Amino acid sequence: MNPINIIKRVLLFPVNRLEAQVKKTNWYRNSIPNIENYPGDKWYRDHLDRNYAVVNLGSSSAVFCFNYDGLGVNAFNWALKPQSMEYSFKVLKQYFSILRQKGIVLIPFSPFSGLSVTGKWAESANDKYFHILDRTLIENYPAVAKRRNTPFRSNPKAAIKRLLKDVPAIDMYSYNVQCKNEDEFIRSAKNWITIWTKQFNITDLNQPLSAENIEGRKSRLQIVKDIILFCQERDLQPVIVLPPAHHTLNDYFSPQFVNNYITSFIEELNAPSVKVLDYLNHPSFTKDEYFRDAYFMNEIGAKAFTKQVLKDLKLI
């Protein structure tokens with residue numbers, strides 16, 4: 001062996017040992033999705049079932065509002081937190097073949113889903129896709145692969161910190177908040193509105209969209225149109241779903257807001273054949289016991305909501 005290569009291997013040995021230890025930390029592992037939720041090679045080896053009836057895409061709220069357990073329908077919840085519409089589409093592109101003919105693709109649409117989030121999340125938010133998507137579908141894949149393959153070399157300061165004192169073990173599907181009374185729901189709703197208005201630079205929810213958000217809306221419209229066309233070309237049924245929100249959050253969504261941010265967006269899709277299921281302010285889902293906070297449903301709410309969606313789609 002070349003002496004230079006021997007020296008390199010000797011010098012890299014302790015670094016590689018550190019890389020292996022860092023990958024065992026919660027800091028590293030907390031961002032890995034549930035691999036069993038994505039039908040890759042390992043999934044196909046472990047499962048004989050195919051011809052799934054329904055999948056849902058989506059971001060954080062969809063993680064918590066869809067729960068198909070025990071409902072007798074083969075389904076996947078492919079929502080992640082956070083997940084842009086662009087990456088929802090990429091997940092669908094990679095795994096759509098699990099669906100049967102006329103299978104249903106649920107496209108969750110939350111109050112601000114019509115606005116683009118491009119550039120509003122940390123680049124590392126895409127790192128989770130290293131574990132579930134083909135490299136050709138991951139934006140800036142070399143940087144993502146470097147962070148996941150060599151976390152110590154990519155961020156030695158943070159890696160050493162977490163080797164010395166790790167973060168708690170969680171997963172991206174967990175959320176440990178549970179509002180206990182009306183005041184807590186009110187504070188939660190206000191907090192969500194503060195997050196969104198800051199994220200999208202909105203000063204008044206009842207005013208028309210800003211020029212910046214109109215531009216972002218154009219790109220978001222195109223992505224949703226592309227998802228719909230992708231489904232239709234493969235004999236799949238796209239369905240737009242507006243999940244419920246707690247009444248303290250719905251109080252912020254005036255008819256003017258709903259028209260500006262939601263209704264007009266759906267109309268601009270110009271897709272009359274696409275079913276729209278609107279549960280945003282549905283009277284069946286107003287109970288406090290259905291929600292973790294003003295935006296996210298809890299397990300009880302998710303079971304009730306998912307069951308209703310499947311009934312409305314005549315799947316159960």
Side-chain angles (χ1 to χ4, degrees), residues 33-34 37 54-71 73 75-85 88 106-115 117 168 170-200 202 205 239-255 257-258 261-263 276-313 316:
N34 177 10
N37 206 35
V54 59
V55 298
N56 69 265
L57 310 179
S59 191
S60 301
S61 68
V63 169
F64 299 109
C65 73
F66 289 103
N67 187 332
Y68 303 99
D69 293 346
L71 294 177
V73 174
F76 276 123
N77 182 343
W78 287 337
L80 287 171
K81 58 174 189 177
Q83 179 159 269
S84 66
M85 197 73 75
S88 280
L106 301 178
I107 307 171
F109 199 89
S110 296
F112 295 90
S113 289
L115 305 182
V117 296
I170 59 172
D171 61 59
M172 62 178 56
Y173 308 95
S174 65
Y175 186 67
N176 295 323
V177 171
Q178 179 58 63
C179 292
K180 299 180 180 63
N181 53 53
E182 185 76 359
D183 287 341
E184 290 187 3
F185 277 110
I186 289 172
R187 286 195 293 271
S188 170
K190 183 178 180 180
N191 183 57
W192 278 113
I193 294 299
T194 299
I195 290 171
W196 287 322
T197 53
K198 182 178 180 180
Q199 183 177 30
F200 298 108
I202 298 170
L205 292 174
V239 176
I240 294 174
V241 180
L242 278 62
H246 190 266
H247 74 85
T248 54
L249 188 56
N250 272 310
D251 286 346
Y252 285 92
F253 304 144
S254 68
F257 169 87
V258 171
Y261 285 84
I262 302 174
T263 307
V276 178
L277 300 178
D278 182 1
Y279 306 94
L280 180 61
N281 199 13
H282 197 285
S284 296
F285 303 105
T286 59
K287 300 177 183 177
D288 289 359
E289 66 190 67
Y290 283 165
F291 292 90
R292 300 169 187 264
D293 68 4
Y295 185 42
F296 293 159
M297 301 194 88
N298 58 27
E299 189 171 351
I300 297 172
K303 285 287 186 69
F305 170 64
T306 307
K307 186 174 183 179
Q308 185 62 56
V309 172
L310 296 179
K311 282 184 176 179
D312 291 341
L313 293 170
I316 58 175

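Please read these numbers as outputs of a predicted model, since none were measured by experiment. All heavy atoms count here, side chains included; hydrogens, waters and symmetry mates do not.
- Taken to the nearest 0.5 Å, the CD atom of Glu184 stands 12.5 Å off from the CG atom of Asn191.
- Taking the side chain as every heavy atom from C-beta outward, Lys303 and Asp69 approach each other to under 4.5 Å.
- Between Phe109 atom CZ and Ser59 atom OG the span is 13.0 Å, to the nearest 0.5 Å.
- Counting all heavy atoms, side chain and backbone alike, Asn67 lies closest to Ala302 at CB-CB, 3.9 Å.
- Phe64 and Tyr175 have tilted rings, their planes meeting at an angle from 30° to 60° on a 0 to 90° scale.
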| task | Evaluate the criterion side-chain contact (heavy atoms from CB on, under 4.5 Å) for residue pair Ile262 and Asp278; output intermediate values, then yes/no. | result | CA-CA 11 Å; Ile262 302 174; Asp278 182 1; over 6 Å; no

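- Judged as a ring pair (Phe, Tyr, Trp, His ring centres under 6.0 Å), and not counting sequence neighbours, the contacts of Phe305 are Phe66, Tyr279, Phe285.
- With no hydrogens or angles considered, no side-chain donor-acceptor pair links Asp293 and His246 at under 3.5 Å.
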| How far apart are the C-alpha atoms of Asn34 and Asp171, what are their side-chain angles, what is the distance that settles it, and do they pass the side-chain contact (heavy atoms from CB on, under 4.5 Å) test? | CA-CA 8 Å; Asn34 177 10; Asp171 61 59; over 6 Å; no

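- Of all heavy-atom pairs spanning Phe253 and Leu280, the tightest one is CD1-CD2, 4.5 Å.
- To the nearest 0.5 Å, atom CZ of residue Phe185 and atom CG of residue Asp288 are 4.5 Å apart.
- Interatomic distance, Asn37 CG to Phe76 CZ, rounded to the nearest 0.5 Å: 6.0 Å.
- In this structure, Gln199 contributes its side chain and Thr194 its backbone to no donor-acceptor pair below 3.5 Å.
- The CG atom of Asp312 sits 12.5 Å away from the NZ atom of Lys307 when rounded to the nearest 0.5 Å.
- Residues Pro243 and Met297 are not in side-chain contact: their nearest non-hydrogen atoms beyond the backbone lie 4.5 Å or more apart.
- Between Ser88 and Gln83, the closest heavy-atom pair is OG-NE2, 3.1 Å.
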| request: Show your reasoning for whether side-chain contact (heavy atoms from CB on, under 4.5 Å) applies to Phe296 and Ser60. | output: CA-CA 8 Å; Phe296 293 159; Ser60 301; 3.6 Å; yes

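- By the 30° and 60° cut-offs, the orientation of the rings of Trp196 relative to Phe112 is tilted.
- Checked options Leu313, Ile107, Val276; the residue passing with Val239 is Leu313 (criterion: side chain to side chain contact (heavy atoms under 4.5 Å, CB included)).
- For the residue pair Ser110 and Tyr295, a side-chain donor N or O sits within less than 3.5 Å of a side-chain acceptor on the partner.
- No side-chain heavy atom of Thr248 sits under 4.5 Å from any side-chain heavy atom of Ser188.
- Minimum heavy-atom separation, Pro108 to Ser113: O-OG, 4.3 Å.
- You'll find the side chain of Val54 reaches within 4.5 Å of the side chain of Leu310, heavy atoms only.
- Not counting sequence neighbours, the partners of Asp183 by the side-chain contact (heavy atoms from CB on, under 4.5 Å) test are Asn181, Ile186, Arg187.
- Heavy-atom minimum distance, Tyr68 versus Val55: OH-C, 4.4 Å.
- Residues passing the side-chain contact (heavy atoms from CB on, under 4.5 Å) test with Asp251 are His247, sequence neighbours excluded.
- Proximity of Leu106 to Val309: side-chain heavy atoms (C-beta onward) are separated by under 4.5 Å at one or more points.
- When side chains are defined from C-beta on, Asn56 does not count as touching Val241, because their heavy atoms never get closer than 4.5 Å.
- The side-chain heavy atoms of Asn176 and Arg292, taken from C-beta on, include no pair separated by under 4.5 Å.
- Residues Pro33 and Leu80 meet the side-chain proximity criterion, which asks for heavy atoms closer than 4.5 Å.
- Closest non-hydrogen pair, Leu242 versus Ile240, comes out as CD1-CG2, 4.0 Å.
- For the atom pair OH (Tyr290) and CD (Glu299), the distance works out to 13.5 Å, reported to the nearest 0.5 Å.
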